[in-house]
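Heads up, the thing below is written out as structure tokens.
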Amino acid sequence: MTEAAAHTQKRERTGGYDPGEIEPRWQAWWAARGVYRAPNPGEPEFDPTRPKFYVLDMFPYPSGAGLHVGHPEGYTATDIVARYKRARGFNVLHPMGWDAFGLPAEQYAIQTGVHPAITTRKAIDTFRRQLQRFGFCYDWSREFATIDPDYYRWTQWIFLKLYNSWFDAGDRQQAAGNRQQEEVRRREETKAQRNEGQGAQTFGGAEGKGRARSIEELVAEFVSRQREPRINPDAAEHSATDKGQVFGPWSTLDRATKRRIIDSYRLAYLAEQTVNWCPKLGTALANEEVTADGLSERGHFPVFRKPLKQWMLRITAYADRLLDGLNVVDWPESTRIQQTEWIGRSEGAEIEFPLCMSVLGGASGGASDSASGTACLREAVTVPVRDTESASRRQVVPGRAAPEAGSGVAAEVLRVFTTRPDTIFGATYMVVAPEHPLVARVLEHPEPETDIEKLRAYVEAARNRGDVERMAGAEKTKTGVFTGVYCLNPAVAADSGVAEGSTEPVFAAHRARIPVWTADYVLMGYGTGAIMAVPGQDQRDWDFARTFGLPIIRTVQPPEGFDGEAYVGDGSAINSGFLNGLEIDDAKQRIIDWLEEKGIGRRRVQYKLRDWLFSRQRYWGEPFPIVFDEAGNHYPVEEGHLPVTLPEMADYHPEESDDPRPLLAKASGWARMTAGAAGVRAATDEGDVLGLPPDAPVSRETNTMPGWAGSCWYYLRYCDPKNPACFSGPEAHQYWMGKGGVDLYIGGAEHAVLHLLYARFWHKVLFDLGYVGTIEPFRKLFHQGLITSYAYQRPDKSLVAVDAVDEVEEGKFIERETGRPVAQVVAKMSKSLKNVVNPDDVIAEYGADTFRMYEMFMGPLEASKPWNTRDVGGLFKLCNRIWRLFIDPDSGAIAAAVTADAPTRGALRILHKTIKLVGEDIEHLKFNTAIARLFDFVNALTPMDRRPIAVLEPFLRVLAPFAPHLAEELRHRLCAAGLIPGAPAESVSITQLPWPEHDEALTKDDEVEIAVQILGKVKAKIVVPADADEATLERVALADAKVREQLAGRTVRKVIAVKGRLVNIVAG
RNA sequence: GCCGGAGUGGCGGAACUGGCAGACGCGCGGGAUUCAAAAUCCCGUUCUGGCAACAGAGUGUGGGUUCGAUUCCCACCUCCGGCACCA
């Protein structure tokens, strides 16, 4: 019989602690009275005099398997904080709901035909029941799920806001200048917010780095000629050639061009994306779902890389603001670093290298001029370029159109991005990605030195390998092929003419003409898909140069004795013409100035962050509020026609097809209709490119949104979850979000980048458009650690399931089957190791209060720690001991030692210490030490034969956040026995009572024990008044008998006394 | 490889801003209570030596700074997490 079971048996005979009876009773009582309901501003029960506190858990996905012991860890922490803050006089918003779209329910539907909604609702019911059994103080009246049409209607609405917005980069120069000032202002604001907890709203302001504006305003600027109609120069979906492309005045443009321009600005746009298409499964797969040998993880079907039109969100426009925001939030450093690295901002330069080709122009467009191309080649080889003026460029590449910044004429120059423009003199070759347009062009028009078969084979091989494969390839040996193309290093070419007499022109000219290679270590998706390779200062380039015997020139002086390969440290420039002698930073400035002056390069910031692929070919997700006309143009469904609900499906099997078609395409009755029926705005006239005639046939977008969509804004809906007219009423979310947003957000570190970045992005768009008043959604973020479990390990490190092991003696384990010894180790909980702990089982045996306290007592919240069932009993014992402080377990009556006597000084001291320390620990989320204080209190009270009510009752209010059922029960029993004079009526819940105030004077001991060290070793202890000063300490210490004995025959050289701490005597 | 975080008794862990290492809990040992057991209460519990007083060692390893280091500095080892040819 277990300890708890035995105890329960005893309780049946007597008045012992019985959580199985107490807890459901109080849960029902709290629910019936709506104790945890948080009224919104405007409701009669709302108290505007209190500050607000919004404490949020990360949105759970209700899996069919139910709750795991990892879930309640964070939930208990937020519950404690919510209860504590409520007791400290805050209006607390503490909601819960469900992130319910997702793959598992759909997979289940494919297998069984059961509608995902049914599966999902069932899983939600299980989760809710389990969470309610913990006694969490959620305001369940605010519950919703992302699958509710009333919710996803607003998810679609936000998508439309993105679709109908563009990012106005504004005057970047000015923005950069304002940056620091802005940051200071925001930091101040955040500080103020932290102090106040709430404040006035500033709506619709931007952050000084560009902002989202409505598409209508953009079109108006085109129409009024305020802005020149051109393709968005920052549009990732357009080729370098198309970016920034300029057309005539708006009124002269045709419908298609107008649409093309507008769409290039939208924050939600369609683009061809290469996806992992699995014909057998009928869906695109994420990179993680594809095995190394190109098969689907599920089913092992072939996967092909195929271009597919996908919705993308232009998150890259917000890269800088997403970075800046990280400075104003109180988040774990590691998470801020992860986001920073994910965004991956690099400052550098874009440089154009003139191409020397026999065939210019061609595939990538632009005028073909073979004569000048040949001339260029010849010229570069034989004639050092004298002219250092910008004319030199014209000379080298005649007939080249002068491009504007950001536009590209890929036919004649090779444009690269580099963070080390200072090393340009060391660029001995170039590398382009295999997908680079230059490669395709060379394949079509080979150069004399092109080995076309080799090149084609290389490019083919590269194509079917995804980026992941390419980069994670186990062997890092460099591969590549020379394209046959050369280009000119503009710096070397120019410099060779300047340095009169000192350099050898011919050598310089050879140095200036450098080969262009293609290699898969250069990625098409980053920068321009081309690099200048500087093997002297870059290890990757060094490795490549060594592999293929390319020249290496150091352009930074390594320190003496440097015996490494590429040198990436500090130093001054060498072999670098006019840069020689400059330190790296100065050399960068100098060369960029030079490049800009020549018009062949410019400063540029580059990000690793890519736009967000927002389409999924699934059923169980939010439909897009978008339709297409017969020409394939897209139109938004007007707000009044939302939500676009999911159709019923006869079966959920994806169509097996080589032609990627989302699952919803099977619902043809749902997908086809007229523009009028779909809710597309009726076109006003011929020139209206954004509307359609109502009778025009349209078909719905059949992709669905990804799982992240619903969780991007749920924290806003909680503020006003039932609002039928608005995503969240302004008064409600302005109040709960205050100026700093969510006050405490606890969840796993696995969402450190994706969810937390996507949500911030949506929030900033909503901020720009004036819908929310905070620049960041989550002010303070905290990650709870993983709860692990024990497993057993054979000597060969393989793991053994817990049920296959016997403990033969204390701490010694053997594998039952073999009799061989195994070691106990900590491992992740997993079905295969049979070490998963089910919270329901634990609660059935010990109750929710014990469970809550155990999880909080295991260790620091942020640490990963192993579940040890044996330890749970210790917390159960604590609950029992608390019970017996109040209740005589034999009779069930109030214990005889409970007295109305005035408390002793000692009893008051332990109470006030407990109040103070537990409060401080909760504020710092140090729940493990807070519970240690509760133990201290109980240890101090247990031996007392008179336990004053005046000490016991405040203790219950300190206990309540941790063990709410136990505290509630005991307090009601004291009330019923008439032991709480002048207390609120019994109908009041302990959770509605204020936190007891502690008296600082009462937390202090009168006397303290001070250690006396001699040469750093404790040799004696002295007892002195708590406030004894240093001189007193020294005097008492030196007078101590033991100390004198130790010091006999030695001279005291120095005495260090620290008030309240110790005395250290240096003697020799 | 790079960037974080962490290594403290048999176990989970504690230690403010450089000031008595091991709070609190588990486990274990002893005692009280009991016909007995469970439960409960009390005492002990870092290691080594000693009956003991006490002595010595001790916070991953090796150095350093300091009257004094788990805490600060340098080098290294191990584990966990993230990123991984991003020019």
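By convention in this document, chain letters (A, B, ...) are assigned in the order of the sequence lines, proteins followed by strands, and residues within each chain are numbered from 1.
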Let me know the distance between CG of A:Asp921 and P of B:C24, rounded to the nearest Å.
15 Å
Heavy-atom nearest nucleotide on RNA chain B taken for A:Gly344 and for A:Asn868; more 5' hit belongs to A:Asn868
Would you mind telling me which of B:A55, B:C24, B:C16 lies closest to the side-chain atoms of A:Gln1046?
B:A55
Using only heavy-atom distances, determine whether the side chains of A:His783 and A:Thr335 contain a donor-acceptor pair under 3.5 Å.
yes
Determine the interatomic distance between P on B:G7 and the same-named atom on B:U33; round to the nearest Å.
45 Å
Is the shortest distance from a Lys or Arg side-chain nitrogen in A:Asp538 or A:Arg420 to a carboxylate oxygen in the other one below 4.0 Å?
no
Picking from B:C24, B:C20, B:G82, which would you name as closest to the side chain of A:Val1018?
B:C20
Nearest whole angstrom, please: distance from the P of B:A23 to the CD1 of A:Ile910.
16 Å
Determine the Euclidean distance between corresponding C1' atoms of B:U70 and B:A21; express it in Å to zero decimal places.
7 Å
Short side-chain donor-acceptor distance under 3.5 Å, A:Tyr458 and A:Thr479:
yes
Between B:A6 and B:A37, how far is it from one C1' atom to the other, in whole Å?
44 Å
By the definition ring pair (Phe, Tyr, Trp, His ring centres under 6.0 Å), identify the one residue from A:Phe935, A:Phe927, A:Phe851 that meets it with A:Phe857.
A:Phe935
Taking syn as a glycosidic torsion within 90° of 0 and anything else as anti, which one is B:G9?
syn
Remember a base hit wins even if backbone is also touched, and classify A:Tyr854 as base, sugar-phosphate or nothing at under 4.0 Å, heavy atoms.
nothing
Assign A:Glu1009 to base, sugar-phosphate, or nothing according to its heavy-atom contacts below 4.0 angstrom with the strands shown.
base
The nucleotide from B:C20, B:C26, B:A87 with an atom nearest the side chain of A:Lys877 is B:C26
Nearest-nucleotide check on RNA chain B, A:Ile931 vs A:Lys1042; residue mapping nearer the 5' end is A:Ile931
Are any protein N/O atoms closer than 3.5 Å to N/O atoms in nucleotides 65-67 of chain B? If there are, list each pair with its distance.
{"from": "B:C67", "atom 1": "O2'", "to": "A:Asn1064", "atom 2": "ND2", "distance (Å)": "3.4"}
{"from": "B:C67", "atom 1": "O2", "to": "A:Asn1064", "atom 2": "ND2", "distance (Å)": "2.6"}

Answer yes when A:Lys913 and A:Asp1005 have at least one side-chain N-carboxylate O distance shorter than 4.0 Å, and no when they do not.
yes
Picking from B:G25, B:A23, B:G10, the nucleotide nearest the side-chain atoms of A:Phe935 would be B:G25
Answer with base, sugar-phosphate or nothing: what part of the nucleic acid does A:Asp541 contact at a heavy-atom distance below 4.0 Å?
nothing
Show your reasoning for whether ring-ring contact (aromatic ring centres under 6.0 Å, His included) applies to A:Tyr846 and A:Tyr854.
CA-CA 10 Å; A:Tyr846 298 101; A:Tyr854 171 64; 9.1 Å; no
With a 4.0 Å cut-off, would you call A:Arg602 and A:Glu352 a salt bridge?
yes
Side-chain N or O of A:Arg884 less than 4.0 angstrom from OP1 or OP2 on B:C41?
yes
Quick one: A:Asp871 CG to B:G27 P, roughly how many Å, whole number?
7 Å
Determine the Euclidean distance between corresponding P atoms of B:U66 and B:U48; express it in Å to zero decimal places.
35 Å
Which listed nucleotide (B:C24, B:G10, B:G56) is nearest to the side chain of A:Arg870?
B:G10
Determine the Euclidean distance between corresponding C1' atoms of B:U65 and B:G18; express it in Å to zero decimal places.
11 Å
Ionic contact status for A:Lys1042 with A:Glu1045, cut-off 4.0 Å:
no
Determine the interatomic distance between P on B:A38 and the same-named atom on B:A57; round to the nearest Å.
42 Å
Of the listed B:A23, B:C83, B:C41, the closest approach to the A:Thr942 side chain comes from B:C41
Using a heavy-atom cut-off of under 4.0 Å over every strand shown, decide if A:Lys865 touches base, sugar-phosphate, or nothing.
sugar-phosphate
Mind calculating the distance between CD (A:Gln339) and C1' (B:G81) to the nearest angstrom?
16 Å
Between B:U8 and B:A23, how many Å separate the two C1' atoms, rounded to a whole number?
13 Å
Whole-Å gap separating P (B:G81) and CG (A:Leu786)
9 Å
In whole angstroms, the gap separating C1' of B:A87 from CH2 of A:Trp542 amounts to 18 Å
Basic-acidic side-chain contact under 4.0 Å: A:Lys608, A:Glu341:
no
Check every atom of B:G13, B:A87, B:C3 against the side chain of A:Pro860 and return the nucleotide holding the closest atom.
B:G13
Are A:Lys478 and A:Tyr521 in a cation-pi setup, meaning NZ or CZ lies under 6.0 angstrom from the ring centre and within 45 degrees of the ring axis?
yes
Salt-bridge contact A:Lys865-A:Glu73 (side-chain N to carboxylate O under 4.0 Å):
yes
In whole angstrom, what separates A:Asp936's CG from B:A14's C1'?
11 Å
Does B:A14 have OP1 or OP2 under 4.0 Å away from a side-chain N or O of A:Asn928?
yes
Want to know the stems of RNA chain B: at least 3 consecutive Watson-Crick or G-U pairs with distances under 3.5 Å, which are they?
B:1-7 with B:77-83, B:10-12 with B:24-26, B:27-32 with B:40-45, B:46-49 with B:54-57, B:60-64 with B:72-76
Output yes when at least one side-chain N/O atom of A:Arg881 is less than 4.0 Å from OP1 or OP2 of B:C41, else no.
yes
Can you check whether A:Ser864 has a side-chain N or O nearer than 4.0 Å to OP1 or OP2 of B:A6?
no
Any A:Lys926 side-chain N or O less than 4.0 Å from OP1/OP2 of B:A15:
yes
What integer number of Å spans the C1' atoms of B:G50 and B:U61?
31 Å
Roughly how many Å is it from NZ in A:Lys1004 to C1' in B:C16, rounded to a whole number?
14 Å
Can you name the one residue among A:Asp871, A:Asn928, A:Ile787, A:Ile931 that meets side chain to side chain contact (heavy atoms under 4.5 Å, CB included) with A:Met858?
A:Ile787
Taking OP1 and OP2 of B:A57, is either one under 4.0 Å from a side-chain nitrogen or oxygen of A:Lys1017?
yes
Mind checking if A:Phe857 touches a base, just sugar-phosphate, or nothing, with heavy atoms under 4.0 Å?
base
Contacts of type salt bridge (charged side-chain N to carboxylate O under 4.0 Å, His left out), residue A:Arg604, not counting sequence neighbours:
A:Glu350
